[in-house]
Amino acid sequence: MNKNIFLFVITLCFSGQYLAAQTQTQPATSTAEPFVKVQGEVLHPLKLSASDLAAMKRTTATAKDKQGVAHTFTGVSIADIFDKAGVTTGRQLRGENLAKYLLVTCADGYQVVFSLAELDSSFTDRVVILADQMEGKPLPAATGPFRMIVPGEKKPARNSFQVVALTVRFAKE
């Protein structure tokens with residue numbers, strides 16, 4: 001047998017064994033439940049999954065789509081999420097704290113901003129929710145599993161799809 005052929009065959013044998021060993025030690029693909037991070041200027045950073053949201057106080061909100069058709073969404077109010085995370089709200093939302101804002105980030109990189117006052121019940125009667133259901137069913141994959149719903153807006157641009165993070169920040173210069 002030619003020396004080069006012999007080395008080639010030996011190399012193939014050992015690479016096959018190496019690849020087989022590597023494949024056996026690789027962890028299985030994770031099927032972890034999706035979640036939304038609540039982070040930034042919060043006392044208690046959170047990773048909220050669908051089951052976490054299901055265990056919280058549920059509320060509904062109605063919002064129109066781009067075609068002007070109203071839909072009913074179910075989820076958790078942003079105010080309740082803020083309470084759980086320890087975000088500055090209520091009587092503490094004054095003075096320099098009025099410069100805090102919420103940055104909503106979606107899976108595709110889309111981002112929208114809300115001042116904390118826009119989301120606080122001491123400033124507004126509007127209830128913004130993080131929805132996980134539409135018309136009583138889970139959100140479609142193209143817009144879920146989590147969606148920000150902002151009732152009463154003339155344009156649905158801040159009704160963000162596939163929300164992955166809620167980040168509270170301070171707008172200091």
- Task: Give the minimum heavy-atom separation between Ala165 and Gln39, together with the two atoms involved.
- Result: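 In terms of heavy atoms, the two residues are closest at CB-NE2, 3.9 Å.
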- Query: What are the two closest non-hydrogen atoms of Ala70 and Thr62, and how far apart are they?
  - Reply: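 Smallest heavy-atom distance, with atoms named: CB-CG2, 3.9 Å.
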Spacing of [atom1] belonging to [X] relative to [atom2] belonging to [Y], to within rounding of 0.5 Å:
{"X": "Lys100", "Y": "Thr89", "atom1": "NZ", "atom2": "OG1", "result": "10.0 Å"}
{"X": "Phe73", "Y": "Thr59", "atom1": "CZ", "atom2": "OG1", "result": "13.5 Å"}
{"X": "Ser122", "Y": "Gln92", "atom1": "OG", "atom2": "CD", "result": "10.5 Å"}
{"X": "Lys155", "Y": "Lys66", "atom1": "NZ", "atom2": "NZ", "result": "11.5 Å"}

Is it the case that one hydrophobic cluster holds both [X] and [Y], taking links as side-chain heavy atoms less than 4.5 Å apart, direct or via other members?
{"X": "Phe35", "Y": "Val76", "value": "no"}
{"X": "Val128", "Y": "Leu46", "value": "yes"}
{"X": "Val42", "Y": "Leu103", "value": "no"}
{"X": "Leu102", "Y": "Met56", "value": "yes"}

Quick one: side chains of residues 48-55, donor-acceptor pairs under 3.5 Å with protein atoms, not counting sequence neighbours, listed by atom name and distance.
from	atom 1	to	atom 2	distance (Å)
Ser49	OG	Glu33	OE1	3.4
Ser49	OG	Ser51	N	3.4
Ser49	OG	Ser51	OG	3.0
Ser49	OG	Asp52	N	3.3
Ser49	OG	Asp52	OD2	3.2
Ser51	OG	Glu33	OE1	3.2
Asp52	OD2	Ser49	N	2.9

Measure the shortest side-chain to side-chain distance between [X] and [Y] over non-hydrogen atoms and say whether it is less than 4.5 angstrom.
{"X": "Leu130", "Y": "Val36", "value": "yes"}
{"X": "Asp65", "Y": "His71", "value": "yes"}
{"X": "Val38", "Y": "Ile81", "value": "yes"}
{"X": "Val168", "Y": "Tyr101", "value": "no"}

- Test log, rule side chain to side chain contact (heavy atoms under 4.5 Å, CB included), inputs His44 and Lys84: CA-CA 7 Å; His44 312 287; Lys84 187 172 179 116; over 6 Å; no
- Query: Going through the checks in order, is the side chain to side chain contact (heavy atoms under 4.5 Å, CB included) test met by Ile78 and Leu166?
  - Reply: CA-CA 10 Å; Ile78 295 301; Leu166 303 173; 4.3 Å; yes
Quick one: side chains of residues 144-154, donor-acceptor pairs under 3.5 Å with protein atoms, not counting sequence neighbours, listed by atom name and distance.
from	atom 1	to	atom 2	distance (Å)
Glu153	OE1	Arg158	NE	3.1
Glu153	OE2	Arg126	NH1	3.0
Glu153	OE2	Arg158	NH2	2.6

- Query: Should Phe82 and Leu119 be marked as a side chain to side chain contact (heavy atoms under 4.5 Å, CB included) after you check the CA-CA gap, both sets of side-chain angles, and the distance that decides it?
  - Reply: CA-CA 9 Å; Phe82 281 0; Leu119 305 168; 3.9 Å; yes
- Task: Answer yes or no: is there an ion pair linking Asp120 with Arg91, defined by an N-O contact shorter than 4.0 Å?
- Result: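 Judged by the 4.0 Å cut-off on N to carboxylate O distance, Asp120 and Arg91 do not form a salt bridge.
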Result block: side-chain N/O donor-acceptor pairs under 3.5 angstrom for residues 105-116, not counting sequence neighbours:
from	atom 1	to	atom 2	distance (Å)
Thr105	OG1	Gln111	NE2	3.1
Asp108	OD1	Tyr110	N	3.0
Tyr110	OH	Ala157	O	2.7
Ser115	OG	Glu118	N	3.3

- Task: Tell me, with the steps shown, if Asp132 and Arg58 meet salt bridge (charged side-chain N to carboxylate O under 4.0 Å, His left out).
- Result: CA-CA 10 Å; Asp132 56 1; Arg58 307 291 285 171; 2.6 Å; yes
- Intermediate values then yes/no, side chain to side chain contact (heavy atoms under 4.5 Å, CB included), Leu139 and Phe161: CA-CA 10 Å; Leu139 293 170; Phe161 300 157; over 6 Å; no
